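The analysis underlying the following values was restricted to heavy atoms, covering all of them including side chains, and did not include hydrogens, waters or symmetry mates. Numbering of ligands and ligand atoms starts at 1, following listing order. A quick note: this is a predicted structure, and the numbers were derived from the prediction, not measured.
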Amino acid sequence: MPKLTFEATLMEKFIEILANKEEITQRALDILLVKIKDALQSRDQFTIALAGGSTPKPLYEALAQQALPWDKIHVFWGDERYVRSDHPDSNQRMARQAWLDQVNFPPTHLHPMPTAANDPKVDAETYNRELEQFFHLNAGEFPVFDVVLLGMGDDAHTASLFPHTEALTVQDRLITVGNKDGQPRITFTVPLINHARCVMFLVTGANKQEPLAQVFASEADAIAYPSRLIQPVGELWWLLDAAAGANLT
Ligand code: 6PG
């Protein structure tokens, strides 16, 4: 087990069911603003890994309205589709349009996942090295992100950690190649996510009810429902809307 770079604490888990997407966005923003304040007070720096997909977009738009010290914040991505950065499916493109290009981030504070090597393994290794350098890691160490934002698919995947794929079993790397129906992705590994101070899932929609029931079940196959693998040493937040959380007691 790699050396933790901070005192490991027992995971604290918070599950909140909110009325709708708007309430989830506001709650997530409130939590993030506290995490940013705490990180800046303690370390004068805040590191966050963004989720892709559609759910987090309103949160990114809300962050663009905040007056924050962008020169103390570093933004990474938790996963990326293997497309050009100007492709409509690009997670980088979505976050830039919704938030990052709307405020004055120093360009060196944005750390998008590379997808230009025409070989996802090469780009995954490049990003792995970028994290090792940024966090000044020794071999085998994992960085501790202040916040990792995640979504969850209706197959219970998160980041680009899809059911029954090799990426789920990678324990000795920070970044690996994900696989969605044969399409390559670049993704954080499970251990990298699990070293975070705070992991926050934003999940909406009735189509997430069944996978959520499996993720929260006392027994279920984590390889079939990969979001079960997310058990961070820090805080784990699940912000669900009423539709997604309907069957949870
Ligand atoms: C991606 C995401 C992925 C996403 C889920 C949920 O690259 O697509 O990182 O893990 O979070 O698929 O997507 P929605 O928010 O669109 O439901």
Side-chain angles (χ1 to χ4, degrees), residues 18 20-25 27-29 48-63 75-100 111-115 120 123-124 127 145 147-165 167-168 170 175-190 192-194 196 199-212 214-215 222 224-230 232 236-246:
L18 300 146
N20 51 42
K21 277 191 178 180
E22 291 70 26
E23 285 198 11
I24 285 186
T25 296
R27 181 70 172 128
L29 179 65
I48 184 170
L50 303 185
S54 56
T55 305
K57 187 174 178 186
L59 172 59
Y60 300 160
E61 290 165 343
L63 281 162
V75 177
F76 299 78
W77 275 258
D79 77 316
E80 185 57 276
R81 292 83 181 276
Y82 204 62
V83 295
R84 288 167 44 103
S85 58
D86 59 356
H87 189 284
D89 290 348
S90 165
N91 289 338
Q92 177 190 173
R93 179 176 181 267
M94 182 273 276
R96 281 183 178 276
Q97 287 182 344
W99 168 26
L100 305 172
H111 307 266
M113 289 181 154
T115 57
D123 281 316
Y127 204 61
F145 277 84
V147 172
V148 174
L149 289 178
L150 294 174
M152 190 192 76
D154 56 13
D155 60 357
H157 83 264
T158 190
S160 282
L161 300 163
F162 289 90
H164 306 292
T165 58
L168 300 182
V170 176
I175 305 297
T176 193
V177 177
N179 178 327
K180 175 179 185 175
D181 307 328
Q183 294 305 310
R185 299 276 191 96
I186 311 290
T187 185
F188 272 24
T189 59
V190 170
L192 175 53
I193 296 172
N194 282 341
V199 174
M200 190 189 303
F201 277 92
L202 309 182
V203 183
T204 62
N207 64 321
K208 309 291 174 79
Q209 272 178 32
E210 194 280 329
L212 273 175
Q214 295 297 332
V215 169
Y225 302 99
S227 291
R228 289 178 68 86
L229 297 169
I230 306 309
L236 175 58
W237 289 81
W238 286 89
L239 300 183
L240 314 174
D241 73 352

Is it the side chain (CB and beyond), the backbone, both or neither of L202 that lies under 4.0 Å from ligand 1, heavy atoms counted?
-> neither
What part of T55, side chain, backbone, both or neither, has a heavy atom within less than 4.0 angstrom of ligand 1?
-> both
With the side chain counted from C-beta on, respond yes when E210 and Y225 share a heavy-atom pair under 4.5 Å apart, and no when they do not.
-> yes
Applying a 4.0 Å heavy-atom criterion (strictly less than), which segment of A159 is in contact with ligand 1: side chain, backbone, both, or neither?
-> backbone
Grab the two heavy atoms, one from M94 and one from G53, that are nearest each other, plus how far apart they are.
-> CE-O, 3.1 Å
Looking only at protein heavy atoms, identify the closest one to atom 17 (O) of ligand 1 and say how far it is in Å.
-> K208 NZ, 2.8 Å
Answer yes or no: does an N/O atom from S160 fall short of 3.5 Å to an N/O atom of ligand 1?
-> no
For atom 9 (O) of ligand 1, what is the nearest protein heavy atom, given as residue, atom name and distance?
-> D79 OD1, 2.6 Å
side-chain contact (heavy atoms from CB on, under 4.5 Å) evaluation trace for R27 with W237 = CA-CA 11 Å; R27 181 70 172 128; W237 289 81; 3.5 Å; yes
Could you state the interatomic distance from CZ (F188) to CG (L161), rounded to the nearest 0.5 Å?
-> 10.5 Å
Please examine the side chains of L149 and Y60, heavy atoms only from C-beta on, and report whether any two atoms are closer than 4.5 Å.
-> yes
Looking only at protein heavy atoms, which one is nearest to atom 11 (O) of ligand 1, and how far off is it?
-> G151 CA, 3.3 Å
Which heavy atom of the protein is the closest neighbour of atom 13 (O) of ligand 1, given with residue, atom name and distance?
-> G53 CA, 4.0 Å
Check each of M94, H157, R81, E80 against atom 5 (C) of ligand 1 and report the one with the nearest heavy atom.
-> H157
Would you mind listing which atoms of ligand 1 come within a distance below 4.0 Å of any non-hydrogen atom of N91?
-> 1 (C), 7 (O)
What one should report as the nearest heavy-atom pair of P163 and D155 is CG-O, 3.4 Å
Should the ring pair F76 and H111 be called parallel, tilted or perpendicular, given that the plane angle runs from 0 to 90° and is split at 30 and 60?
-> parallel
